[in-house]
Amino acid sequence: MVLRWRAAAIVALGALTVLGSGPAGSASEAETSAVMGPGPLVQRRLSPEQYRQIISDVFGPFITFGGRFEPDVREGGLLAIGSGKVGITAKGMEEYDGMARNIAGQVVSEKNRGTLIPCTPADAKTADNACATKFLGQAGRLLFRRPLTDGELRAQVRVANDAATLSKNFYTGLGVSLAVMLEAPQFLFHMQTSEPDPSSKGQYRLDAYSKASQLSFFLWNSSPDDELLTAAEKGELSTQKGLTRQVDRLLTSPRLEGGVRAFFVDMLGYDTFINLSKDAQIYPNFTAPVTRDAQEQTLLTILDVVLQQRGDYRDVFTTRRTFLTPVLGSIYGVKLPKTSPNSVADPWRAYEYAEGDPRSGILTHASFVALHSHPGRSSPTLRGKALRQFVLCQRVPDPPGNVDFTVIQDTNNPNFKTARERVTAHMTTPACAGCHKLMDPMGLSLENFDGGGGFRKIENGANIDTSGELDGKKFTDSVGLGRAVHDNPSAASCLVNRVSTYALGRTVTRGEAAWVSDLQKTFATVGYRIPDLLRKVALSDELYRVSAP
Amino acid sequence: MASTWVSKFGLGLTATGVAFVGLNPSSASAESRSWAVSSLTQAVYSEEGDCPSIAIDQDAFARKQLTAQGRSLKEIDMLMDGVNADGTKDGNGYGGGHGTGKVHYMLIDRARKDGKPVNVYQYPSYIADPQVPTVTGKHAYGFNLDGKGAASPNSFEDPDTHEKGINNQYFRAMGCLENHRGSMKVKQTYWNYVWDAVRYAMPAWIITVNAADLSKDGDATVTVERALDHVEQDANSGTRTNFTFRIDPDKRFQKNVYPAKIKNGVVETTVAGPFRMNADPYVITEWKMQQTHLRLTMKADGTLDGVLGGYMPWYNIYYAYAHTGESGEMSFGIDMPGVYYNLRKHADANPDPKTGQNRDISVAFRVEGVPAFVEHPVQAKAGNKKISQAAPARSPTTVASRD
């Protein structure tokens, strides 16, 4: 067994390591490394959602959290890849420490110990080796995503016993030891280990437990459950039959929704919602509940298309069916009465826009048009850029530092009443025109939606022209844009690229390019159905092959 | 965009609630527009020289009451400073605001019944009329409620239209209190505060205007009704626009329908009628008016702005102030017995057949609204489903029309 302790070392040093992102200025994202064979092991830091989900899975949803997580880093279009390039700062470690003590305190509390601790000490005022061993062995297996080694378990029990002796309280000791585990790199990072591949001499693969984690984090965004760990323990994941059984079990579990949700949160860049703010004078209806609901609306819409209806992924760009709350209804100008008492959040309700309505597809949701706008005005450029970046996996260069944005920013200029007029004027600068042509023609078709997500037909008294163009395909409005994206081959290939790199936790190597190419073909063959794509990826040898240590 | 909130489905006014006698609102109505009341404040027009004097500060108010109780200046100083007879301080001096000191109780129990101190807010007539000054100016907003025009005694002139015979004795009675002064530009403080405090905690008031074509002059109806839902706050602490409200199916008080006419974007009721609405107890629990008039401007930005007027039981207004007790009296600088006496003196309608004392007073309130969707109870049963119940079946609802 080969262990990679890089992440642990980083933790110990309290250092932050952020490796550089890909080359800037290229027209398409370079997401393939030059390596010809499989890629390396990756040690990914748990995302905040994964941390919360694991604790909830292991100890229960009633556990509360304090503290703040360190910011994630986006690389190759995904936080899932960036998570393999970060460590933990000293401040971050303090936060993890606080969270660990808080969680451990709740687990061993008088209220919860009867449920969460599988044994009772002979004397609660002193150490109990047997009970501590039982609890720490069971919890450690789920937290470390593999059985603790004898040495690890002995060390954890010793900590528990020493603390119990000092405090004269068995449960206090157990809590201290549990907190230590929750601060360990084996918990805070997906620690991958490799082993020689018996079927291919000289090749390496993830060991059974790492394979279980790879699968579980990919499909459930959480650690393996007991059944998956048991399958790993029994060697079932090394057989095609055993692996298929587990993959199908994970894919048919309700927890798949959490995994797919996490993927799209990452792919669509929803981590940036935390920085979203709107000018309250201009968009008074855009409140914190709108920010929260806007993300959820789009996620529910996607989940409805790809999971509930098992539909064509590309339909998310054209579907008129969505889910709304009364607060979102006020943004969209949709009549949607509450069904709950006052001060109680309303349940989400299915809603379908009429045929021909401009609200068609997720690009017309507030989660796109408001997120990719300025605080006080819309932005065809930001929207076009986001479409290229998040949906089509294409990189648009950042603007040079000496750009004069005066014309663009002045929404009160009587000579340039609409955004189209302003960006057209701006594009007369040759240095700007090149890149803006990549973004603005798509973004302008969304100009019926203001920076707060509301609908409009007029800007500063002038009619809004929503004609646009995407990669040579022209259209007249947002509905046409949705169709153009739906039919654009880059939309489907981008999804496949993102899914494959999300699953691997790294960019694909040159040697894995053929695998991705095959996935692209498969995706088309299965009608662009995401569950089928996930199954194909999860059953691929490439997901578990690694380079020699 | 001007009218995402315009709905052109046929109205069902006669299906719910109590239609105004003689109306057939559905016959001519093809367009409907609704607003949630975002602000309701007393319509005031304060101008230079319209009051002999204005309010006094809290300390002076307290001293005045203590003096009226026959206390010496030295005794009042000691009470106000919380100084005991032996010179020590008890820390219970009058702080100019809320408190538990002796002075507060002396203010609360300053009425005298059978020679004994009693709560002045419950027994306002058991203390001499403090003679709170009243408005002597000639301008006020409101309506010609008694139909007498310029011949109406004590009536005002509308400052904008110069219509004479405006009946608004509530303004006369209260308009010299400092926090009751203002204009259409600067809202009167007391009502602005009160409405702001309760609007998120009480069912919304909904105003709906129906007409064949709201953009043209012609016949219309105005409906004021109560929703089940509260208004929602926007990012400016204002009222969220385009929110959907379910109309309260309780038919007892909640629907007030008036015939009206639209002229140049202003809709004005043509037949006065009764008005009954439940509000929050902090305002007026049960809002009743007679001879109700409304004049509402449907503004280009989609909002509504206008005046609601009529005759209102003056004791209900008094109680709206008095139930806040000493806290309200001190916070708002309102002499409660003064309010009682002024409202009683200026009441101008509905005389008690036994005593001759008028029981109602003419009032005018400025009413503002933001665009809203309205769902009547029958409609509310259909349509959207919880996501957990959502089936792949299509089209639970369709979008409102757009301009």
Side-chain angles (χ1 to χ4, degrees), chain A residues 277-291 296 300 303-305 308-311 320-321 323-327 329-343 346-359 448 450 452 454-459 464, chain B residues 1-7 9 34 36 200-204 227-247 302 370-377 379-403:
Chain A
S277 66
K278 295 293 172 187
D279 187 325
Q281 293 297 322
I282 299 172
Y283 305 118
N285 268 2
F286 204 94
T287 53
V290 171
T291 305
E296 188 65 11
L300 289 174
L303 292 172
D304 183 55
V305 170
Q308 291 189 23
Q309 301 192 41
R310 285 185 72 87
R320 288 179 282 107
R321 179 178 161 86
F323 298 88
L324 296 177
T325 60
V327 167
S330 73
I331 291 283
Y332 294 148
V334 166
K335 180 178 176 179
L336 196 69
K338 282 173 68 65
T339 56
S340 299
N342 288 291
S343 306
D346 259 60
W348 286 86
R349 273 164 286 166
Y351 184 88
E352 183 158 331
Y353 283 99
E355 178 82 36
D357 194 285
R359 297 275 184 197
N448 274 155
D450 65 29
F455 182 83
R456 61 181 181 177
K457 279 191 166 181
I458 292 170
E459 184 179 12
I464 293 172
Chain B
M1 187 170 78
S3 61
T4 55
W5 35 270
V6 173
S7 55
F9 43 78
S34 296
Y200 305 115
M202 62 173 260
L228 291 170
D229 310 302
H230 303 175
V231 297
E232 295 259 335
Q233 201 167 30
D234 73 14
N236 289 319
S237 297
T239 302
R240 178 181 290 281
T241 59
N242 294 330
F243 200 70
T244 305
F245 295 90
R246 295 167 294 174
I247 296 302
V370 297
F373 291 108
V374 168
E375 182 89 347
H376 287 90
Q379 294 172 304
K381 288 181 181 175
N384 303 293
K385 303 168 181 177
K386 293 179 182 176
I387 184 171
S388 59
Q389 300 169 335
R394 294 289 186 180
S395 198
T397 314
T398 54
V399 70
S401 61
R402 301 174 186 282
D403 64 351

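At a 4.5 Å heavy-atom cutoff, the contact between A/V327 and chain B is made by backbone and side-chain atoms alike. Contacts between A/N342 and chain B at a heavy-atom distance below 4.5 Å involve the side chain alone, from C-beta outward. Within the 4.5 angstrom heavy-atom criterion, no atom of B/F245 approaches chain A. Residue contact with chain B, scored on non-hydrogen atoms closer than 4.5 Å, is absent for A/S343.
Listed for the B/N236 side chain is a donor-acceptor partner under 3.5 Å among the backbone atoms of A/A280. Although no hydrogens or angles enter the test, the distance criterion places a donor-acceptor pair under 3.5 Å between the side chain of B/T244 and the main chain of A/L336.
Nearest heavy-atom pair across B/E375 and A/K335 is OE1-CE, 2.6 Å. When all heavy atoms of A/S330 and B/T241 are compared, the closest pair comes out as CB-O, 3.3 Å. Closest approach of B/R246 to A/S340, counting heavy atoms only: NH2-O, 3.2 Å.
Annotation: ring-ring contact (aromatic ring centres under 6.0 Å, His included) contacts of A/F286 (sequence neighbours excluded): none. Under the rule for a side chain to side chain donor-acceptor pair (under 3.5 Å), the partners of A/E459 that lie at least two apart in sequence or sit in another chain are A/R422.
No side-chain heavy atom of B/E232 sits less than 4.5 Å from a side-chain heavy atom of A/T287.
From A/T339, atom OG1 reaches atom CG of B/L228 across 12.0 Å, with rounding to the nearest 0.5 Å.
Heavy-atom pairs under 4.5 Å with chain B peak, among A/K278, A/Q281, A/E355, at A/Q281.
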